[in-house]
Amino acid sequence: MKKSYKIASVLSLCFLLILTACGGNKNNSGSQSSPSATPSASGSASPSASASTPAEKVVLKIPHYKAGANVGAKFFLPQIDRFNKKYEGQYEIQIEEVPDDKYRDKIKLLWQQKKLPALVESGDREFIEQLIKNGEIYDLKPWLDTKPDLQKVFIEDSVKFNTQDGHIYTMPLAVTRPTGIYFNKEMFQKAGITKPISQMTFEEFDQACEALKKAGFTPLSLMTGENGWTTMLLGTAFLAGQPGGADVLKDTAITYDYTSPMWVSTFTEIQKWLQKYSSPNAIGAKYADAANAFLNEKAAMIANGPWMVGDFSDTTKAPAGFDQKVGFSLSPGGVGIDNVQGYSWWIPNGLSQGETDAALAFMEFRMTPEELKQWMIAEGGFAPNLPASDEVNSKVSPILGEFNKQSTTDLKVLVKAMQDVWPNQIGQSEFGRYLALLAKGSVTPEQFAKQLTQKAQQFKK
Amino acid sequence: MKNKWVKLWIAAFLAPTIAVLCLFYLIPILTVLVTGFTDWNGMSKPVFVGFDNYVKLISYDNTFLISMKNLFLWSLIAATAHVGFGTLVAFVLYKKRFGWRLVRGAFMIPMVISSAAWAMIYNLIFNDEYGLINNGVRKLGFGNFHVSWFYESPAAFFAITLTWLFYAVYVTLIVYNDLMAIPKEVHEAALLDGASEWQVTRFINIPLVKNAIATGIILSVTARIAGFEEVALTSRGGPGNDTYNITLMLYDGIVNYQHGYANSAATIMILLGMLVMVIINRAFKMNERTY
């Protein structure tokens, strides 16, 4: 019996040790300035970590999705290196890789654990607005007021959106990267299409699709899987041309009713594109399938943003020399699609002074003209309030050059994408789910509009 | 005195288990039950709203009804075809025919693959353009065969069913273990009395493993109630809401910051799970001794 007691005691001890080990380190905050930052009840690091030792290097551990194989890592990680080099011995940012689709969940999880990192990029609108309401986000306005040069590069609409009751909680944007349409120049030539897409009306766009069909090509690379991204972008361009459409797409408010004629017309057009101008596998196609169809010359056009340009010369994704065949145009009617009215980088309240300073330094660093230029060279886009740069124009790829040129010359209206004015449930889930039924003709555009409206109303606050 | 010490030791040993049970099960379940009656976005203070979340969940549109219909059909398939297949494999393995070890090993492989990975594999198998099924049919001469299995009705329901239908390893393991536990004397006595192999299976083996089969049914039906990945990672409940289930309703609540609504869905899941256990328990008289 004594032996049993001994074994039991050892087992109990082991159990306690395991429990203790599982408990982890309470102070494993996203940030660690050398006097450790203690999380507060508000979900952010407490100011109790004093700034009494400013001489010590402040290290910010930031979870982020632009790491590893993510397409954004190519620019973002070297940018972090440049920041670390510039502030060597003073500040250091360390990136912890988080998968793209898990980033927002990770931030929410860290918030619940009261371990928010010192720098966060964007997030769900409702989440950020709740944090603002709770007073958990650092007000950038007093700091920005001391940086007039920085403010000069901001896009006005972005500043307006981010200003709430005189406070600015997330960093306004300086660069816009409107999406448009990539097209296969060879296919267009064979179909005899010469007019630039951005100068077409949607009637002329239809005629171009017919011409491509007659020449034996599938005109559009559309998709109904995931969030129906490429289909949604083209639909947005059509909606922007409808009476009242551009106003809805420029509004900062979320739209919950899609039964008005402009929406129904848009869904009718989408149904026509899916049934007449896309390949049969568009139903259920995900972004990878849609991109693959365009990259492998199975479709003549795809709606997308400048981040896709790198894929055209990537021989693991497209045939060698494919990039020479690709042209870019804004959507018919000169419509550019980008959301400058969104939340960007923010800092949680209650960090130590050192951590806040480090986070602000990074915010400022990434907005310097030099960094903005490098970003535009790497990923495209243009900064309306930054003087035109020959360096940028000479270094970007021809497609991005065309993109930049079109964005300044042919742009007639810049709107947000439909999914940016929809509640999250519609944009990320319902639209794609009902799109397959619309494509199959199982529901009419009116029924489709009604279904989406009903779903949008379900979670309306 | 000795008794007192024994009781103390028993209590000491039970304490960690009870603590873990409370920490990881009881408290979360109670939280779910209570917050199901509140308006709560997960960040603010919950506000009591009575049965509003349940009313909204059940009667807002036809999604709940469709989810229940799907659950009923999937449970029926799980309790019959799925458990039946797992049981059949167990009986075949029990006979130890040629190659039974290889079959057993191969049948266990899916155990090491997560259901999320399975869903991704089936996404590829059922892909219209390069999927195994459609390309196979097209090779047979039906060049224009195009079915988007997870995005068309009623194909989506069957495609999702196929992602788990033959994945019945745990049923096989439970039944196989019960079969192995049957005393040899029982079989020998039956054979001496002139029973055929089929009669031994029908009148001895099956009745003696009925509790294992019942456990298999409980496990597979409750897995359908809690099934998320196989739907969320394939059809996402579509097309429309044809393949919706209650876990997706819960998920919708979470992503829309309506945790109270989500927890009312979770409460219904818990109640359904308990109901299944009670029904199967009684139907199979699981509390009675088999031999």
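Any value given below was found using the heavy atoms of this structure, including those in side chains, with hydrogens, waters and symmetry copies removed. Below, chain A is the first sequence line, B the second, and so on; all start at residue 1.
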Notebook entry, point to check: Any luck finding a side-chain donor-acceptor pair between A:Asn292 and B:Tyr130 under 3.5 Å?
Noted result: no

Check: Does one side chain, of A:Tyr434 or A:Gln447, offer a donor that lies under 3.5 Å from an acceptor on the other?
Finding: no

Checklist line | Greatest number of heavy atom pairs closer than 4.5 Å to chain B - which of A:Gln112, A:Lys108, A:Gln451 | finding: A:Lys108

Next item on the list: Say whether A:Ser122 and A:Tyr103, considering side chains only, have a donor N or O and an acceptor N or O under 3.5 Å apart.
Entry: no

Margin query: Looking only at the side chains, is there a donor atom on one of B:Trp149 and B:Asn134 sitting less than 3.5 Å from an acceptor on the other?
Written below: yes

Next item on the list: Under 4.5 Å heavy-atom distance to chain A, tell me which part of B:Asn41 shows up: side chain, backbone, both or neither.
Entry: side chain

Next item on the list: Sort A:Lys133 into side chain, backbone, both or neither according to what part of it lies under 4.5 angstrom from a heavy atom of chain B.
Entry: neither

Check: Using non-hydrogen atoms only, which part of B:Asn123 is less than 4.5 Å away from chain A: side chain, backbone, both, or neither?
Finding: side chain

Notebook entry, point to check: Measuring heavy-atom distances to chain B, does A:Ser279 have an atom under 4.5 Å in its side chain, in its backbone, in both, or in neither?
Noted result: neither

Checklist line | Qualifying residue for side chain to side chain donor-acceptor pair (under 3.5 Å) with B:Thr63, from A:Lys455, A:Gln454, A:Gln458 | finding: A:Lys455

Notebook entry, point to check: In terms of heavy-atom proximity below 4.5 Å to chain B, should A:Glu430 be classed as side chain, backbone, both, or neither?
Noted result: side chain

Check: Of all of A:Leu438, A:Asp124, A:Val443, which one pairs up most often with chain B through heavy atoms under 4.5 Å apart?
Finding: A:Asp124

Next item on the list: Measure distances from B:Tyr60 to the heavy atoms of chain A and classify the residue's part below 4.5 Å as side chain, backbone, both or neither.
Entry: both

Next item on the list: Tell me, for A:Phe448 versus chain B, whether the close heavy atoms (under 4.5 Å) come from the side chain, the backbone, both or neither.
Entry: neither

Notebook entry, point to check: Do you know which of A:Gln425, A:Lys440, A:Glu226, A:Lys286 has the most heavy-atom pairs under 4.5 Å to chain B?
Noted result: A:Gln425

Item checked: Pick from B:Gly42, B:Ser148, B:Gly237, B:Gly240 with the largest number of heavy-atom pairs that fall under 4.5 Å of chain A -> B:Gly240

Check: Between B:His82 and B:Ser220, which heavy-atom pair has the shortest distance, and what is it?
Finding: CD2-CB, 3.4 Å

Next item on the list: Examine whether an atom of B:Asn127 lies under 4.5 Å from a heavy atom of chain A, and if so say whether it belongs to the side chain, the backbone or both; otherwise answer neither.
Entry: side chain

Next item on the list: Give the intermediate values and the outcome of salt bridge (charged side-chain N to carboxylate O under 4.0 Å, His left out) for residues A:Asp420 and A:Arg125.
Entry: CA-CA 10 Å; A:Asp420 292 324; A:Arg125 186 169 171 164; over 6 Å; no

Check: Of the options B:Trp40, B:Tyr251, B:Phe37, which is the one that meets B:His259 in a ring pair (Phe, Tyr, Trp, His ring centres under 6.0 Å)?
Finding: B:Trp40

